[in-house]
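Structure, as structure tokens:
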Number of protein chains: 2
Amino acid sequence: MDSKIFNLKSKLEVYKAMTGGGNFGDCPVRDVIQGISGKWSSLLVMALAEKPYRFGELRRLVPDISQRMLTQTLYDLQRDGYVHREVFPTKPPSVEYSLTDLGRSMFAPLQLLIQWAELNHDAVREARAAFDAAQA
Amino acid sequence: MDSKIFNLKSKLEVYKAMTGGGNFGDCPVRDVIQGISGKWSSLLVMALAEKPYRFGELRRLVPDISQRMLTQTLYDLQRDGYVHREVFPTKPPSVEYSLTDLGRSMFAPLQLLIQWAELNHDAVREARAAFDAAQA
DNA sequence: TAGCGCTGGTCTCTTTTTGAGACCATAACC
DNA sequence: GGTTATGGTCTCAAAAAGAGACCAGCGCTA
């Protein structure tokens with residue numbers, strides 16, 4: 001009932017006003033963040049932010065993803081309203097995925113995080129190396 | 001082989017294997033993003049951005065996290081250079097976790113994503129409901 | 001002095017998620 | 001008739017996450 005996560009949220013009202021009433025499953029941050037923090041979500045959103053892609057194109061674009069996870073991640077992104085899925089009646093039928101307005105809206109802040117990642121990749125790699133060296 | 005955190009080492013081994021194999025090197029974004037896109041990472045970084053916390057405080061603050069995952073997530077965040085871990089020789093010894101400069105730097109864009117999540121939580125929930133209704 | 005709790009973890013066991021890869025129906029093309 | 005391409009699904013193994021017992025050391029206190 002009185003989740004401490006809500007307390008955390010309260011303490012973080014430095015950034016926003018406190019919202020009343022909340023319970024266990026109602027940690028908005030985690031609810032939303034978890035939907036886009038999957039292993040492949042950000043990568044796929046990043047790709048679709050560039051332009052719409054078809055299933056096979058995405059598969060070739062992100063070769064490390066398994067077909068199964070590509071299907072599932074796109075399904076989840078579609079369910080959360082970030083991605084639009086359209087089937088074209090060609091033969092064989094092709095399926096195009098594109099960002100919705102909500103998806104584009106979400107990509108704006110996500111892109112900043114991605115830019116940070118690109119800029120600071122070396123720093124993170126160095127931190128890892130230093131940490132592993134210290135542990136050995 | 002690191003005897004410490006015996007049960008938690010597999011992720012580390014994967015990291016090492018992939019770093020050695022060069023797979024992650026091909027995608028800096030995924031390399032970094034994956035480190036902060038874990039289920040609990042953003043929540044813990046968010047908490048530590050407010051002020052340093054001790055292990056037990058974090059556990060009480062985020063009661064849904066298991067002690068095991070709290071240990072591991074903090075370990076991973078420390079390894080990537082976002083979090084500093086300091087042991088104080090009190091009795092019993094207490095451990096304080098705080099953000100590093102790199103962590104604070106990363107939190108800046110992360111915070112924007114969190115703010116987006118708070119603002120658009122309702123839109124995402126509605127999208128989910130609509131999708132589920134359409135599927136039924 | 002024998003229990004009890006607090007500290008920050010670790011260990012084992014179970015469940016959920018992810019990964020690897022085979023399989024499928026369709027139809028055009030060779 | 002076999003090959004290619006489409007966008008998937010299905011199964012099984014491996015990895016990650018969750019639940020909860022356990023641990024050592026010290027202070028308290030009964």
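Letters go in sequence order (proteins before strands), and every chain restarts at 1.
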* Structure fact -> Closest non-hydrogen contact found for B:M106 with B:I36 is CE-CG2, 3.6 Å
* Would you kindly give the CD-to-P distance between B:Q34 and C:dT18, to the nearest whole Å? => 11 Å
* Return the nearest nucleotide to the side chain of B:K39; candidates are D:dG18, D:dG7, C:dG8. => D:dG18
* Pick the nucleotide of DNA chain C nearest each of B:R59 and A:D76; which residue has the one closer to the 5' end? -> B:R59
* Asked: Roughly, in whole Å, what's the span from CG in A:L70 to P in C:dT18?
  -> 14 Å
* Side chains of B:Y82 and B:D76: does their closest heavy-atom pair fall under 4.5 Å? -> no
* **Short side-chain N/O contact to D:dA21 OP1/OP2 from B:R68, under 4.0 Å** => no
* Is it true that A:Y97 and A:V87 fall in one hydrophobic cluster, defined by side-chain heavy atoms closer than 4.5 Å? -> yes
* Calculate the interatomic distance between B:R85 atom CZ and C:dT7 atom P; express it in whole Å. => 16 Å
* Asked: Rounded to the nearest Å, what distance is computed from the CD atom of residue B:E96 to the P atom of nucleotide C:dG9?
  -> 13 Å
* What is the minimum heavy-atom distance between B:G38 and A:S37, and which atoms define it? -> O-OG, 4.3 Å
* In whole angstrom, what separates B:Q72's CD from D:dA16's P? -> 8 Å
* Among C:dG8, D:dG7, C:dG19, find the nucleotide with the atom closest to the side chain of A:R54. => D:dG7
* Asked: To the nearest angstrom, how far is B:Y75 atom OH from C:dG9 atom C1'?
  -> 14 Å
* To do: For B:Q67 and for A:P92, locate the closest nucleotide of DNA chain D by heavy-atom distance; then report the residue assigned to the nucleotide nearer the 5' terminus.
  => A:P92
* Any side-chain heavy-atom pair from A:R30 and B:V62 closer than 4.5 angstrom? -> no
* Determine: side-chain N/O of B:Y97 to OP1/OP2 of C:dG9, distance under 4.0 Å, yes or no. => yes
* Rounded to whole angstroms, how far apart are CG on B:L58 and P on C:dG8? -> 9 Å
* A:M69 CE to C:dA20 P: how many Å, rounded? -> 11 Å
* Structure fact -> By nearest-nucleotide position on DNA chain C, the 5'-leaning member of B:S94 and A:K91 is B:S94
* B:W40 side chain near D:dG18 phosphate (N/O to OP1/OP2, under 4.0 Å) -> yes
